[in-house]
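To start, the structure under review is shown below, and the notes come after it.
When a ligand or atom number is given, it counts from 1 through the structure's own listing order.
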Amino acid sequence: MDLARRMDRLGTETAFEVLAKARRLEAEGMDIVHLEIGEPDFDTPANIIEAGAEAISQGYTHYGPSPGLSDVRERIAQEVSATRNISTTGENVVITPGGKPIMFFTMLALVDEGDEVLYPNPGFPIYESMVRFVGGVPVPMRLYESKGFNFDVEEVASQVTPKTKLIIINSPNNPCGSVMSREDVEALADLARENDIVVLSDEIYRRFLYQGEHHSVASLPGMRDRTIILDGFSKTYAMTGWRIGYGVMPLELVEPISRLVTNSVSCTASFTQMAVLEAMNGPQDEAHNMVAEFRRRRDIIVQGLNRVPGIRCAMPKGAFYVFPNVEGTGITSREFADGLLEEGGVACLAGESFGEYGVGYVRFSFANSAENIEKALERIDRFVAAKA
Ligand code: PLP
């Protein structure tokens, strides 16, 4: 069958491919430690599951409004207003099946053929994939290890052109675990205002912060009306499979983005929306405990990796990933990731899965038990020693 030409421009998220390969090896009898996929290994808290089940039995099983149930939109707006120190309303919120569709819909709504979009690189692969798919021109904002995996403000300023339509930021960052400083957020806001650029601020890892503070670009003067905040419940409440996230955006974007929802998925499951109402209103201890446990695992994996000859691993400030430099091992990051899975029994992702500036690095997720992380570290050590 002849596929449409646009499909050549659509990339993917390697994590799902590596997961499938790791599962095949497991089916053949190999023991694999999974450090490839970005999802908490915890169960969704019981109160949220009960609220979801209760909502199903109460009949929240029908179509709902495309932008989401109004009570849930309102509650999300309260949460976002309080945590970002801005004033927003339920009218500004569009609920989607996961935070991911907000990326796609934002670009479909804003980016014309030839428009340029600045995006973090290394960064979440879907940004570049989506920009290309909609006919835009992806312009990588390089994140430098020497700057704590942050961009160089002057370099980014030099990349802005009259065609720059959108800048995507992601703090805390996947895959690097870096967190943008207040100064960098301010500099970026200046650029956006001076050049009339919209900002998509992916804040999905906001609650996974181990050091420093989270600064939302939307809270800076004049920025609320040119920023789309992307957030959701997948990571914070271990709800990846429920598929629910949202965008908070200027009113003029709400109708077009809701129309994209109508044209694609119609709406987000109603009982899932009721479950996240409980997630926001109920006790937060499980979400907090999960972050505390991730901090402990972060320390174990960073220390362990830095003991392996040829590996240099920076301490992530947020999210649940480490992005060590493996150049010193003498093999490429691609050979490292493939070999470590096939010979060593540890699944991770080659840095190039996150863009060209990820070459030389690999990403491990530490959303796995401390015991499994220790097991992986022993295997990594053995794998690297065998390559030396
Ligand atoms: N943004 C980033 C940076 C992510 O890593 C992910 C998931 O891996 C998402 C957004 C989307 O998550 P979801 O669609 O499950 O809400």
Verify the ring-centre separation between F124 and F354: is it less than 6.0 angstrom? no
Does any donor atom in the side chain of N281 or R75 lie under 3.5 Å from an acceptor atom in the other side chain? yes
E145 versus Y361, side-chain donor and acceptor atoms under 3.5 Å: yes
T240 side chain to S234 backbone, donor-acceptor under 3.5 Å: no
Which pairs of N or O atoms, one from ligand 1 and one from the protein, are separated by less than 3.5 Å, and what is the distance for each pair?
| residue | atom | partner | partner atom | Å |
| --- | --- | --- | --- | --- |
| ligand 1 | 1 (N) | D202 | OD1 | 3.4 |
| ligand 1 | 1 (N) | D202 | OD2 | 2.6 |
| ligand 1 | 5 (O) | N174 | ND2 | 2.8 |
| ligand 1 | 5 (O) | Y205 | OH | 2.7 |
| ligand 1 | 8 (O) | K235 | NZ | 2.7 |
| ligand 1 | 14 (O) | G99 | N | 3.1 |
| ligand 1 | 14 (O) | K100 | N | 3.1 |
| ligand 1 | 14 (O) | R243 | NH2 | 2.8 |
| ligand 1 | 15 (O) | S234 | OG | 2.7 |
| ligand 1 | 15 (O) | R243 | NH1 | 2.8 |
| ligand 1 | 16 (O) | G99 | N | 2.7 |
| ligand 1 | 16 (O) | S234 | OG | 3.2 |

Quick check: does any side chain N or O of Q159 sit under 3.5 Å from a backbone N or O of P140, one acting as donor and the other as acceptor? yes
Going by ring pair (Phe, Tyr, Trp, His ring centres under 6.0 Å), F294 matches just one of F42, Y210, Y205, Y321. Which one? F42
